[in-house]
Amino acid sequence: MRFWAGVLGLGVAGLLVVPAEAAWAIERPAPPAAPAPAQKVPPKQWAHSVCTSLRDWSTNIKDLTSQFRSAGGSSPDAAQVKDLLVSYLGNTVSETETLLTQLDQAGTPNIKDGSKVAVLFRNAMTDVQNLFSTGQQDAANVDTTDLTQFRAATSRIGNAITQGGTKLSQTFKAAGRKYKAANKILGAERACRSLSS
């Protein structure tokens, strides 16, 4: 269960939580085409690939968040914050798209329920990408002239993303109980252990 708790931490430890005063406006990307049937790969190879990709994604999202904050993400200038968030969330959507490609390339672990586990990862991270994209779409019409209304609107959007992160956490927690073979393989992989620290 340790690995799943680490993935759980990705959603709750701030990666999907945006500042309450956040707003962003960017066009929602087209949904990705359905992936080709994944090749069966040795479980250890799959676990290493998936966990390395998740670790890199997590690091990149944290770096983007730090850059956003240091660039003035908490500025009282609503238009400036909105512009910064357009760039910030555009980058988080792109990072998640890269992760989805890497998850596809990782293949399917050659274990019991391996295809279900691979699909679970892809679907969960597609949901993350959709959370950011939906937030961007919803924020496209946020008015920046009234700071109080701006903060309220962006707070609602941030809360929706946070609730999505909570749902993601619940998905991974349930998966840890359900897919015991995957849990064992992921728990033994060094790259996966770094996610739980």
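- With Asn159 contributing its side chain and Ser155 its backbone, the two residues share a donor-acceptor pair below 3.5 Å.
- A side-chain donor-acceptor contact under 3.5 Å links Arg122 and Thr126.
- To the nearest 0.5 angstrom, Thr92 atom OG1 is 12.0 Å from Leu99 atom CG.
- Remark: the backbone N or O of Leu54 is not paired with any side-chain donor or acceptor of Ser58 at under 3.5 angstrom.
- Linking ILVMFWY residues whenever their side-chain heavy atoms come closer than 4.5 Å, directly or via other members, leaves Val119 and Leu186 in distinct clusters.
- For Leu168 against Ala124, the heavy-atom pair with the smallest separation is CD1-CB, 3.4 Å.
- Remark: Lys116 pairs with Asp113 by the salt bridge (charged side-chain N to carboxylate O under 4.0 Å, His left out) rule, at least two apart or across chains.
- For the residue pair Pro109 and Ala118, the shortest heavy atom distance occurs at CD-CB, 4.2 Å.
- Considering every non-hydrogen atom in both Asp146 and Thr148, the closest pair reads OD1-N, 2.9 Å.
- With values rounded to the nearest 0.5 angstrom, Lys167 atom NZ is found 15.0 Å from Thr162 atom OG1.
- Qualifying side-chain hydrogen bond (donor to acceptor under 3.5 Å, both in side chains) partners for Ser49, counting only residues two or more places apart in sequence or in other chains: none.
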Query - side-chain contact (heavy atoms from CB on, under 4.5 Å) assessment of Val142 paired with Phe150 - result: CA-CA 7 Å; Val142 172; Phe150 174 78; 3.5 Å; yes

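- By the side chain to side chain contact (heavy atoms under 4.5 Å, CB included) test, Thr98 pairs with Gln102, sequence neighbours left out.
- Within the 4.5 Å cutoff, side-chain heavy atoms of Trp57 are placed close to those of Val128.
- Here the straight-line distance linking atom SG of Cys192 with atom CG of Asn183 works out to 10.0 Å at 0.5 Å rounding.
- Taking 4.5 Å as the limit, every side-chain heavy atom of Trp46 sits out of range of all side-chain heavy atoms of Thr108.
- Listed by chain and number, the hydrophobic cluster partners of Ile185 are Ile111, where partners are ILVMFWY side chains within reach of under 4.5 Å, directly or through others.
- Between atom CG of residue Asn130 and atom CE of residue Met125 there is a gap of 11.0 Å, rounded to the nearest 0.5 Å.
- Here Gln67 pairs with Asp63, Leu64 under the side chain to side chain contact (heavy atoms under 4.5 Å, CB included) rule; sequence neighbours left out.
- A pairwise comparison of heavy atoms in Arg55 and Ala191 identifies NH1-CB, 4.4 Å as the closest pair.
- The structure places CD of Gln45 at 13.5 Å from NZ of Lys40, a figure rounded to the nearest 0.5 Å.
- Ala79 meets the side chain to side chain contact (heavy atoms under 4.5 Å, CB included) test with Asp77, Thr144; sequence neighbours excluded.
- Of the inter-residue distances, the one linking Leu100 atom CG with Ser53 atom OG reads 10.5 Å to the nearest 0.5 angstrom.
- Heavy atoms only, all atoms of each residue included: Gly165 and Leu131 are closest at N-CD1, 4.0 Å.
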